[in-house]
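A quick write-up on the structure given underneath.
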Amino acid sequence: MLRLGERMTDNIFDGFLSRKTLFKNKEILRHDYQPQSLPHRKTEIETLSFNLVEALKGHIPSNMTLYGVTGAGKTAVTSFVCDELEKKGQELKRPVQSIMVNCRQIDTQYRVLSHIGNSLLESHEIDEIPFTGWPTDRVFGELIKRMDSRKGVFVIVLDEIDHLVRKAGDDLLYNLTSLNASLNHARACVIGISNDLKFTDFLDPRVRSRLGQLDVIFNPYDAEQLQDILRQRSNLSLNEDVLGDGVIALCAALAAQEHGDARCALDLLRVSAEKAEQSGSPMVEQHHVRSAQHQIESDQMTPIISKLPSQQKLVLSSILINEKNGLRNIQTGEVYAIYTQACRYVGQNALTQRRVSGLISSLDMLGLITARTISRGRYGRTKEINSCIPQNIDPVMIMVESEPHIEDVFSSNYKHQSRL
DNA sequence: AATCCACAGGAAGCCCGGGAAC
DNA sequence: GTTCCCGGGCTTCCTGTGGATT
């Protein structure tokens, strides 16, 4: 054992610090890093700028909706263009302010309005809109007041707008797209960003026509384009000659399989390089990419599973128990039967089947299971449920860590109740 | 063509907790 | 302290549905 004062020069970090690093700047390989240029998005940037330049001329830009799959560069392009717009606005003394709202995190009308309102606060002001308590129309009134007092053009960007509409309806969009009627000294335009081409089907026709004044489609990147992006970023972030043969191509190919997701490609390359560095390898090789792929999968899924609410864990356990018993394509009723037994076993009240059906759908949305609605003719309509947790993850262990009683659910035997 | 299954999933409403205003 | 508002979790009630079976 080391005693205080003994071998003072040794420190557990010394070894890592002296190890040769592969990175020049790791931040550049993060998907939220904003690069100086965005390859293969010239047309989209032009379309956005052509519209938003109106703000610099004192006019109101059209509202826009941007469509495209995850990692197609919608958010990156928008924040890039908005940054440039704000800079030019300052230069020309025509104030423009963009406000980004991620509707996956901020997903109710009240929260979006208060978030926008609070991001318009001057640094000396302290009267924040509370996160709950006010009537929504008061928050809206406060927002108008703040916009008018600050003047200029406001570009409100609603990222993942489809999520918001599905959850909270279109009241908010109705209010936001009619902001200009209430504003006296300021102007506003709304940019919606959606992964789902069809989300406007849920909208009131008036909102649809106001929001969809200009639609921009972002096509997914193909493998070649992903390679360009990776090359551009790796030149800036990695040391020279550290990438082995075919590493970029492999990252791009794997990400292209994931519907051309640039985020995925960048994460893959960064984690691969970290893996290589960790193992003391001077080069990133293809096997690092493979192991990075596994680690990313596991890193994404582990916290999702461990943070599931207790009832949701029981539902997931019921699905896993069915699978452990050798069943595939499990029906809602079968899951529910096991679930009620499991609840009894751990002494919890069982929720209704309607609720459990909803919980199954949300497990599907989280990507832990696939639940496909099918019709089995005379034998009714149901969901066909399968878990899709990768082999290298042990969901039971993750759940047991936060809720030990789950282990009892698995150790008991429900076999006799299921189809077997 | 009619029937029927096993649900899906929408709508309304209840309850609770957190917070503001009076 | 009371009243009002918002949001989340949940139940209850209900209508809708695709295709095998009759």
Side-chain angles (χ1 to χ4, degrees), chain A residues 101-118 121 125-146 158 160 162-176 196 198-199 201-204 304 307-316 318-319 322 327-344 346-366 369-386 403 417-419:
Chain A
V101 185
N102 186 325
C103 302
R104 186 166 286 279
Q105 286 141 17
I106 302 170
D107 58 359
T108 66
Q109 162 155 241
Y110 185 95
R111 284 187 197 151
V112 172
L113 289 174
S114 63
H115 175 84
I116 301 173
N118 285 334
L121 276 182
E125 290 173 317
I126 45 160
D127 47 345
E128 282 217 350
I129 302 170
F131 74 86
T132 174
W134 286 12
T136 308
D137 44 359
R138 182 172 166 198
V139 182
F140 193 68
E142 181 67 24
L143 177 64
I144 305 260
K145 205 174 92 191
R146 289 182 186 182
L158 301 174
E160 306 212 41
D162 44 331
H163 183 77
L164 177 80
V165 170
R166 229 172 282 127
K167 200 180 154 217
D170 58 3
D171 282 359
L172 172 74
L173 295 183
Y174 184 85
N175 288 329
L176 284 183
D196 177 7
K198 288 193 172 163
F199 92 97
D201 291 356
F202 302 106
L203 297 179
D204 181 291
I304 296 179
K307 284 194 192 118
L308 288 176
S310 154
Q311 289 288 348
Q312 194 98 316
K313 285 199 180 100
L314 280 173
V315 175
L316 180 60
S318 310
I319 295 166
N322 268 307
L327 294 185
R328 294 297 291 170
N329 305 328
I330 315 151
Q331 292 169 228
T332 307
E334 289 170 322
V335 174
Y336 190 67
I338 299 286
Y339 163 80
T340 47
Q341 290 180 66
C343 283
R344 218 175 301 136
V346 295
Q348 285 202 21
N349 286 333
L351 302 174
T352 55
Q353 181 156 343
R354 173 73 189 86
R355 180 67 190 134
V356 170
S357 165
L359 292 179
I360 291 173
S361 300
S362 59
L363 286 175
D364 182 24
M365 295 253 277
L366 289 169
I369 61 168
T370 55
R372 207 160 50 93
T373 306
I374 52 140
S375 177
R376 291 164 65 249
R378 178 91 194 186
Y379 305 103
R381 238 160 85 93
T382 181
K383 285 194 179 103
E384 213 174 63
I385 302 157
N386 289 297
E403 274 172 68
Q417 292 286 342
S418 63
R419 256 189 274 163

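Within every chain, numbering begins at 1; the chains are lettered A, B, ... in the order of the sequence lines, protein sequences first and strands thereafter.
Of the side-chain N and O atoms in Tyr379(A), one or more sit less than 4.0 angstrom from OP1 or OP2 of dT21(C). At the phosphate of dC5(C), neither OP1 nor OP2 sits under 4.0 Å from any side-chain N or O atom of Thr136(A). Contact check, Trp134(A) against dA21(B): a side-chain N or O comes under 4.0 Å of OP1 or OP2. For Thr373(A) and dA8(B), the shortest distance from a side-chain N or O to OP1 or OP2 is not below 4.0 Å. Using a 4.0 Å cut-off, no side-chain N or O of Lys383(A) falls inside it from OP1 or OP2 of dA6(B).
Summary of the strand contacts: Ile385(A) and Gly380(A) both lie near DNA chain B, and taking for each the nucleotide with the nearest heavy atom, the more 5' one is attributed to Gly380(A).
Residue Arg355(A) has its side chain nearest to dG9(C) when only dG19(C), dG9(C), dC7(B) are considered. Distance from the side chain of Gln311(A) is smallest for dC10(C) among the nucleotides dA20(B), dC10(C), dG9(B). Closest approach to the Thr108(A) side chain among dG7(C), dG9(C), dC7(B) is made by dG7(C) (side chain taken as heavy atoms from C-beta onward). When the nucleotides dC4(B), dG8(C), dA8(B) are ranked by their closest atom to the side chain of Ser357(A), dA8(B) comes out on top. Set against dA6(B), dC4(B), dG19(C), the side chain of Thr382(A) has dA6(B) as its closest nucleotide.
Residues Leu176(A) and Leu158(A) form a side-chain contact, since some pair of their non-hydrogen atoms from C-beta on lies under 4.5 Å apart. Looking at heavy atoms from C-beta onward, Ser357(A) lies in side-chain contact with Lys383(A) at the 4.5 angstrom threshold.
Looking at Arg354(A), its side chain has no donor and acceptor atom pair within 3.5 Å of the base of dT11(C).
A straight line from CG of Leu359(A) to C1' of dG9(B) spans 14 Å, rounded to a whole angstrom. Atom OH of Tyr336(A) is separated from atom P of dC10(C) by 12 Å (rounded to the nearest Å). Protein atom CZ of Arg376(A) is 8 Å distant from nucleotide atom P of dC7(B), rounded to whole Å. Rounded to an integer number of Å, the gap from CG of Leu314(A) to P of dG9(C) is 16 Å. Between Phe131(A) atom CZ and dG18(B) atom P there is a gap of 9 Å when expressed in whole angstrom units. Taking atom CZ of Arg138(A) as the reference point, atom P of dC22(B) lies 7 Å away to the nearest angstrom. Here dG19(C) presents its C1' atom at 11 Å from CZ of Arg378(A), a figure rounded to the nearest Å. Look at OH on Tyr339(A): it is 11 Å from C1' on dC10(C), rounded to the nearest Å.
Arg111(A) comes within 4.0 angstrom of the backbone, heavy atoms only, and of no base. Contacts of Thr132(A) with the nucleic acid, taken as non-hydrogen atoms under 4.0 Å apart, include base atoms.
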Report task. Report the C-alpha separation of Gln353(A) and Thr332(A) in whole Å, then their side-chain angles, then the decisive distance to 0.1 Å, and conclude whether the side chain to side chain donor-acceptor pair (under 3.5 Å) test is met. Result -> CA-CA 9 Å; Gln353(A) 181 156 343; Thr332(A) 307; 5.9 Å; no
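Test Thr136(A), Asp170(A), Asn175(A) against Gln109(A) for side-chain hydrogen bond (donor to acceptor under 3.5 Å, both in side chains) and you get one pass: Asn175(A).
With respect to the salt-bridge test (charged N to carboxylate O, under 4.0 angstrom), the residues Arg146(A) and Glu142(A) qualify.
Closest approach of Ile129(A) to Gly117(A), counting heavy atoms only: CD1-CA, 4.0 Å.
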